[in-house]
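Presented below is the structure to which this report refers.
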Amino acid sequence: MGAFDFQRIEEKWQRIWEAEKTFAVDNQPDPEHPGYYCLEMLPYPSGRLHMGHVRNYTIGDAVARFKSARGFKVLHPMGWDSFGLPAENAAIKRKIHPRLWTEDNISQMRQQLKRLGYAYDWDREIAAHRPEYYRWNQWFFLKMHERGLAYRAHRWVNWCPTCETVLANEQVEGGVCWRCGTPVARKSLEQWFLKITAYAEELDAFLSKLPGWSERVRQMQRNWIGKSTGALVKLSVPDVPGLEPLEIFTTRIDTIFGATFCVLAPEHPAVEKLAAGTIQEAAVTDFVARMGKRNVVHQDALLGEAKEGVFTGAHAINPFTRERIPIWVGNFVLMEYGTGAIMAVPGNDVRDHEFARLYDLPIRPVVRPADPSTEVPSGQVYTEPGLLMNSGAYDGWPSDKAQEALIAQGEEKGFTRRMVQFRIRDWGVSRQRYWGTPIPMIHCAACGIVPVPEADLPVLLPEDVHLTGEGGSPLVSAPSFASVPCPRCGGDARRETDTMDTFFDSSWYFYRYADPKNDRAPFDPAAVDRWFPIDQYIGGITHAILHLIYCRFFTKVMRDMGLVRVDEPVVRLLNQGMVLKDGSAMSKSRGNVVEPDAMVNRYGADTCRLFALFAAPPERDMDWNEQGVEGCHRFLERVWRLASAQFGSPPPDGSAVKAAPSAREEALRRKTHQTILKVTEDLERRLHFNTAISAVMELVNELSAFHLEGVTTSSEIACFREGLDTVVRLLNPFAPHFTEEVWERLGHAQRLAHHAWPEPDLKVADEPLVEVIVQVNGKLRGKVRVEKGTPESDVLDRARGDSKVEAHLRGKTVSRSIFVPDRLLNLVVPG
RNA sequence: GCCGGGAUGGCGAAACGGGUAGACGCAAGGGACUUAAAAUCCCUCGGGGCGCAGGCCCCGUGUCGGUUCGAGUCCGACUCCCGGCACCA
């Protein structure tokens with residue numbers, strides 16, 4: 001019997017699944033089958049799947065099929081993140097409309113997904129570029145605007161002066177435009193922002209309530225949100241009459257007695273007034289102008305920039321010491337963070353120290369290590385909390401107590417208050433692009449900014465746009481689109497011609513799957529209630545920050561709007577590792593890309609799926625090793641051969657198992673039921689498909705040996721068939737076509753996809769005899785097979801009967817023995 | 001610099017509440033079948049040593065130290081690799 005015909009088998013079952021809608025689910029609650037939502041991150045329709053997709057979706061499919069067999073009604077949908085820059089680039093390069101390019105890609109990739117046999121409910125498919133979808137983007141945008149969560153502000157963008165267009169960060173290559181090579185400039189544009197900072201506190205706090213997320217992702221998000229707790233301190237500036245007190249933010253108010261100067265960001269609004277009329281005025285103006293030319297869009301350009309600054313000519317009063325301290329402007333202070341002004345403590349902060357040394361400003365350490373034996377090397381500064389010194393009445397206080405007391409003192413006097421700062425900034429969602437959701441706003445000369453009335457949604461993306469890659473937002477030049485009557489006054493007005501960041505599309509798409517065809521609302525809240533929160537979300541670590549913060553933010557906004565009842569969208573998150581080839585990421589330039597289609601053609605979908613799961617645990621990177629793929633293929637062939645002897649014969653008859661089975665029958669049955677236990681446990685608790693598959697391989701090895709020894713009596717056949725059927729059922733989530741086919745040929749009428757997961761018989765799985773290891777002084781010296789529950793004394797007797805153990809005990813007295821029932825006996829003898 | 005993760009055979013990896021290190025697979029070597037090859041099946045497979053042999057002994061989970069009857073697993077110090085944040089006050 002040769003190899004199984006995977007091509008025919010896979011086509012056959014894909015046809016059946018499609019015709020029978022095997023994986024479609026409705027939203028009806030079912031008391032016997034609780035809901036389970038298994039979701040994989042939706043792909044960008046680039047045109048073809050890569051191995052990363054295959055791994056991602058194979059993991060998700062294994063979970064979905066497993067949970068379904070376990071009795072859950074599983075929602076397992078798929079869709080397309082189909083707006084975005086590549087479609088526009090393709091349009092420019094190949095003169096094909098982005099919509100056609102995108103839809104063509106979608107149909108190709110959908111075909112590829114179907115060839116891999118994924119159990120999706122295709123009736124729920126969505127695509128972001130379709131008006132039925134993106135109208136709800138617009139609807140959410142309007143709702144956020146109503147709630148004050150969408151607003152306009154200026155922000156710097158990358159600008160190519162030659163193409164006269166905004167460049168995305170990835171279109172800036174080494175500081176020049178990717179198309180024409182012109183050095184990139186910066187330009188300030190008024191854009192739309194979403195107020196994610198309004199949720200910064202909650203986004204941070206809830207990270208500790210996500211035990212189903214890896215520490216890694218939670219830490220990445222924590223860094224990104226960047227919460228720090230401190231105080232705001234007001235310093236009066238008597239040098240400049242009428243000037244508001246200077247506000248600085250610090251997390252180390254315990255060091256305030258060491259604040260020997262202040263530094264403002266060059267963009268700080270007070271800089272000009274402080275310098276006005278002083279001898280420093282010209283120097284300050286010059287410095288600020290020079291700093292203004294810095295390319296701040298490219299943050300890396302700022303990294304490594306030497307510290308630089310200039311005295312403003314004015315002084316402030318440190319309210320705690322009444323000391324007069326000089327106010328400087330410095331390039332290392334960021335206007336975007338805190339108040340754009342700092343108190344400098346050169347005695348206890350490395351940056352301030354460096355600056356003070358540079359300009360010969362006074363340095364006064366005010367915190368020393370609490371442990372007197374800790375030496376601070378000369379020329380270095382001690383930056384950790386410790387004990388205060390040079391701090392008046394606070395000398396000797398520990399940092400944390402001093403912070404509390406100083407804040408309390410400052411609060412009472414009115415020059416300090418507690419303050420929490422976040423690094424996260426509001427989310428700029430405007431894109432000067434064509435292929436995205438039009439922002440539903442209208443600019444009217446008379447009325448200002450007017451939202452498009454809800455009834456007028458969707459604002460359709462016009463088709464007749466000529467894309468050149470040059471000259472501002474493409475929609476500006478779409479005549480049918482840009483000019484529009486003002487909804488409020490009816491006068492001539494102009495539509496917003498920017499489109500939305502595509503992360504907007506993917507921030508709520510998984511809610512739409514619950515009710516994908518709704519044309520009156522983004523979804524029916526009841527439908528969302530039926531499925532949410534998402535039980536298992538699977539996707540690449542690349543989305544650990546942006547997508548996974550944005551979608552949490554959306555969920556919280558939607559909750560506050562009364563649309564959903566969950567605080568967090570995702571219960572369990574799995575970030576699968578990358579698929580490598582020969583140790584490095586697959587890329588065209590390296591020439592090491594493995595095409596999924598080629599692999600499916602050669603080995604079949606089931607083999608590819610099996611390998612993707614077997615090669616490594618899911619969260620780790622794996623190498624696509626073709627010899628490993630062959631190994632998986634061989635394994636399936638082996639199962640096929642083993643099963644083929646039984647093809648056409650009736651399903652196993654449990655009653656044929658003898659009441660007193662032979663030893664080998666008993667051993668096989670034990671292995672069968674132990675394997676069920678092991679695989680179920682691996683999938684249920686850990687998603688460790690690699691060890692689950694290993695366990696099935698072990699069972700196959702035993703079945704194979706059993707078969708070799710002969711399967712003739714009805715009892716032997718029954719035991720063998722039980723093992724065989726178990727193998728097929730346990731492999732189903734990984735190799736669905738193969739197992740359906742074998743299952744059918746083994747005479748089962750019901751489809752495997754509708755079968756419940758096998759139940760282990762604990763009595764059969766139970767091992768009556770156990771191997772107790774015998775150690776002498778912690779070293780393995782022997783093993784004894786005894787009945788479960790054998791007491792220590794009996795085990796000891798048996799152990800002494802072991803010549804090897806006895807040899808190590810000869811002439812010595814056992815001073816102590818450690819006994820772990822059914823596991824181990826360790827005899828301690830003096831050296 | 002701060003934070004997170006990791007390091008186990010020739011390779012991918014197992015060992016899940018300290019208790020037989022290396023399951024399972026790949027590669028490699030040997031054998032059976034075959035005119036031959038492929039496929040398949042069987043055996044060996046961390047390192048070193050002793051023994052004619054059944055077998056036995058020592059070492060071994062990045063490094064050093066500790067706790068323990070017993071450590072890949074726990075604790076302390078360190079090295080290297082991967083990732084995140086980074087002039088964030």
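Just the heavy atoms: all of them, side chains too, but no hydrogens, waters or symmetry mates, feed the values below. Below, chain A is the first sequence line, B the second, and so on; all start at residue 1. Just so you know, these numbers come straight off a predicted model, no measurement behind them.
When both distances must be under 3.5 Å, the Watson-Crick or G-U wobble mate of B:C2 is B:G84. Base pairing analysis places B:G76 opposite B:C64; the two distances defining the Watson-Crick or G-U wobble pair are each below 3.5 Å. The pairing partner recorded for B:G25 is B:C11, the criterion being a Watson-Crick or G-U wobble arrangement whose two distances lie under 3.5 angstrom. Figure legend. B:C50 is base-paired to B:G55; pairs are counted as Watson-Crick or G-U wobble with both atom distances under 3.5 Å. Under the Watson-Crick and G-U wobble criteria, each requiring two contacts below 3.5 Å, nucleotide B:C41 is paired to B:G31.
A:Ser704 comes within 4.0 angstrom of nothing in the nucleic acid, heavy atoms only. At the heavy-atom level, A:Lys804 lies under 4.0 Å from the strands shown only through sugar-phosphate atoms. Within 4.0 Å (heavy atoms only), A:His707 reaches no atom of the nucleic acid at all. Contacts of A:Gly631 with the nucleic acid, taken as non-hydrogen atoms under 4.0 Å apart, involve only primed sugar atoms and P, OP1 or OP2.
The cationic atom of A:Arg664 (NZ for Lys, CZ for Arg) lies less than 6.0 Å from the six-membered ring centre of A:Phe706 and within 45° of the ring axis. Taking the ring axis of A:Phe355 as reference, the NZ or CZ atom of A:Lys307 does not stay both within 45° of it and closer than 6.0 Å to the ring centre.
Partners of A:Asp606 according to the side-chain contact (heavy atoms from CB on, under 4.5 Å) rule, which considers only residues two or more places apart in sequence or in another chain, are A:Glu10, A:Arg609, A:Leu636, A:Ala735, A:Pro736, A:His737, A:Phe738.
Residue A:Arg222 places none of its side-chain N or O atoms closer than 4.0 Å to OP1 or OP2 of B:G84.
Between A:Ser817 and A:Glu792, the side chains place a donor N or O and an acceptor N or O closer than 3.5 Å (distance only, hydrogens not considered). With hydrogens and angles left out, the side-chain atoms of A:Gln403 and A:Asp254 include a donor and acceptor closer than 3.5 Å.
Spacing of P atoms, B:G72 relative to B:G18, comes out at 13 Å, to the nearest Å. Taking atom C1' in both B:U8 and B:A13, one finds a spacing of 9 Å when rounded to whole Å. The same atom, P, is picked in B:C24 and in B:G17; the two are 22 Å apart, to the nearest Å. Between B:G22 and B:C75, the two P atoms lie 25 Å apart (nearest whole Å).
If A:Cys632 and A:His808 are placed on RNA chain B by their nearest nucleotide, the residue sitting closer to the 5' end is A:Cys632. Heavy-atom nearest nucleotides on RNA chain B were determined for A:Phe249 and for A:Ile541, and the one closer to the 5' end corresponds to A:Ile541.
For an aromatic pair to be called close, the ring centres must be under 6.0 Å apart, and A:Phe611 with A:Tyr603 fails this.
Residue A:Gln627 has its side chain nearest to B:A27 when only B:A27, B:C87, B:C59 are considered. For A:Glu215, counting side-chain heavy atoms from C-beta on, the closest listed nucleotide (B:C57, B:G5, B:G84) is B:G5. The side chain of A:Ile545 lies closest to B:C85, out of B:C85, B:A89, B:C24. If you check B:C56, B:A27, B:A89 against the side chain of A:Arg634, the one that comes closest is B:A27. The side chain of A:Leu708 approaches B:C41 more closely than any other nucleotide in the set B:C24, B:C3, B:C41.
Between A:Asn575 atom CG and B:G4 atom P there is a gap of 18 Å when expressed in whole angstrom units. Protein atom CG of A:Asn777 is 16 Å distant from nucleotide atom C1' of B:A71, rounded to whole Å. Here B:A39 presents its P atom at 12 Å from NE2 of A:His633, a figure rounded to the nearest Å.
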Q. How does each nucleotide of nucleotides 10-20 of chain B score, in 5' to 3' order, for protein heavy atoms under 4.0 Å: base (B), sugar-phosphate only (S), or none (-)?
A. --BSSSB--BB
(Q) Test ring pair (Phe, Tyr, Trp, His ring centres under 6.0 Å) on A:Trp640 and A:Phe647; report intermediate values, then the result. (A) CA-CA 10 Å; A:Trp640 182 273; A:Phe647 282 169; 5.1 Å; yes
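Other residues, nucleotides and ligands contribute at most 12 non-hydrogen atoms within 6.0 Å of the CD atom of A:Glu787.
Anti is the classification of B:G47, since its glycosidic angle lies more than 90° from 0.
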